[in-house]
Amino acid sequence: MADQMKKGMDMTEANGLTLLEEHRAHGGRIMFYEHSSSVLELPARFGVFLPPSAEQGGKVPVVYALAGLTCTQETFLIKATALAEAARLGVALVTPDTSPRGAGIEGEDTDWDLGTGAGFYLDATRQPWAQHYRMGSYIAQELPLLVEAALPLDGARRGIMGHSMGGHGALVHGLQAPLFWKSISAFAPVVHPSVVPWGKKAFSTYLGADPAGWRAHDAVCLLEDGYTHPAPILVDTGLADQFLQRELQPQHLVAAAEKAGQALICREHEGYDHSYWFVQSFVADHLRHHAGILGV
């Protein structure tokens, strides 16, 4: 076991990962890493939970969990209480940051819903954001290839999930690349960012004023434009969510999925809000959803 762990440490170092901290949890391990991102052109951090089965040889399925506005790579692992079920199922979790850090762009730290902590998991095309705000390519390419080369993660059994802005990211990335992301789920996602305040603000800033350029980053628009996923998509929303009517509007996703023939499990929960108390309540369901599709 010690030799196996040392080999794992050697692999992460060889892949340019710096281990910042490590903790035992539910028989597995939580690690937080930093690396120099060629896509973001800045240092980037992410977290990993490896279940106990990852230390028994072979590779384990992995779900990437995207957090929401103002969050970091730590938020989901600390607040979602997902680790016990992930350990039981033998599923690894990877949690990226929500934006680049330290880009030095004027105004990136002014508003909580734009800039730092609010990358929206897309590649900005407008200056001065375009150089560093490339979380789309980071999630779609750099991070999975990097972490799966360094750790015992099975890229053939890879899923994606998210909360709020992260739910938007999970839906968009999953629909855009259904062979890459084999399973999708979301908590309280921003399903149609092109028509709600958070999305309009971010998209006009990062992508420009023309809504035609926003469609590739909007789950409802992707479904309208013919993108579908072969597996059912699971979405949970709380009916007491303070952002339900203004920002989330899940009815748009339901309508678009029905028209596109996309299998969608869209559940509404009386009394639940937008917080991680809501996420905690149903995260085991989501992990079992992914495990079933990924063949655990």
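The shown structure was predicted, so the numbers you read here are calculated from the model rather than taken from an experiment. Residue numbers run from 1 in the order of the sequence given. Just so you know, these numbers use all the heavy atoms, side chains as well, and skip hydrogens, waters and symmetry mates.
- Classification of Arg215 and Glu224 as a salt-bridged pair holds, one side-chain N sitting under 4.0 Å from a carboxylate O.
- The ring-ring contact (aromatic ring centres under 6.0 Å, His included) test with Phe282 singles out one residue from Phe187, Tyr272, Tyr276, and that residue is Tyr272.
- Counting heavy atoms of neighbouring residues, nucleotides and ligands inside a 6.0 Å radius, atom CD of Glu258 does not exceed 12 of them.
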> Stepwise, does the side-chain hydrogen bond (donor to acceptor under 3.5 Å, both in side chains) test hold for Asn15 with His35?
Replying inline: CA-CA 9 Å; Asn15 282 275; His35 70 104; over 6 Å; no

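- The number of heavy-atom neighbours closer than 6.0 Å to CD of Glu21, taken from other residues, nucleotides and ligands shown, is above 12.
- Note on Met161 and Leu175: separate hydrophobic clusters, where clusters join Ile, Leu, Val, Met, Phe, Trp and Tyr whose side-chain heavy atoms are under 4.5 Å apart, directly or indirectly.
- Partner Trp214 forms a ring-ring contact (aromatic ring centres under 6.0 Å, His included) with one of Phe203, Tyr206, Phe120 and no other, that one being Phe203.
- Other residues, nucleotides and ligands place more than 12 heavy atoms under 6.0 Å from the CZ atom of Phe278.
- Around the CH2 atom of Trp277, the shell of radius 6.0 Å holds no more than 12 heavy atoms that belong to other residues, nucleotides or ligands.
- Arg45 and Asp97 are not joined by a salt bridge, as no carboxylate oxygen comes within less than 4.0 angstrom of a charged side-chain nitrogen.
- Remark: Glu270 CD is loosely packed, at most 12 non-hydrogen atoms of other residues, nucleotides or ligands lying under 6.0 Å away.
- Using a distance-only test at 3.5 Å, with no hydrogens or angles considered, no donor-acceptor pair links the side chain of Glu247 to the main chain of Val196.
- Because its NZ or CZ atom is both nearer than 6.0 Å to the ring centre of Phe180 and within 45° of the ring axis, Arg158 counts as a cation-pi partner of that residue.
- Counting non-hydrogen atoms of other residues, nucleotides and ligands closer than 6.0 Å to NZ of Lys201 gives a total above 12.
- The number of heavy atoms from other shown groups lying within 6.0 Å of OH (Tyr227) does not exceed 12.
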> How far apart are the C-alpha atoms of Val172 and Leu222, what are their side-chain angles, what is the distance that settles it, and do they pass the side chain to side chain contact (heavy atoms under 4.5 Å, CB included) test?
Replying inline: CA-CA 8 Å; Val172 168; Leu222 287 172; 4.0 Å; yes

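- Formation of a donor-acceptor pair under 3.5 Å by the His163 side chain with backbone atoms of His274 is found in this model.
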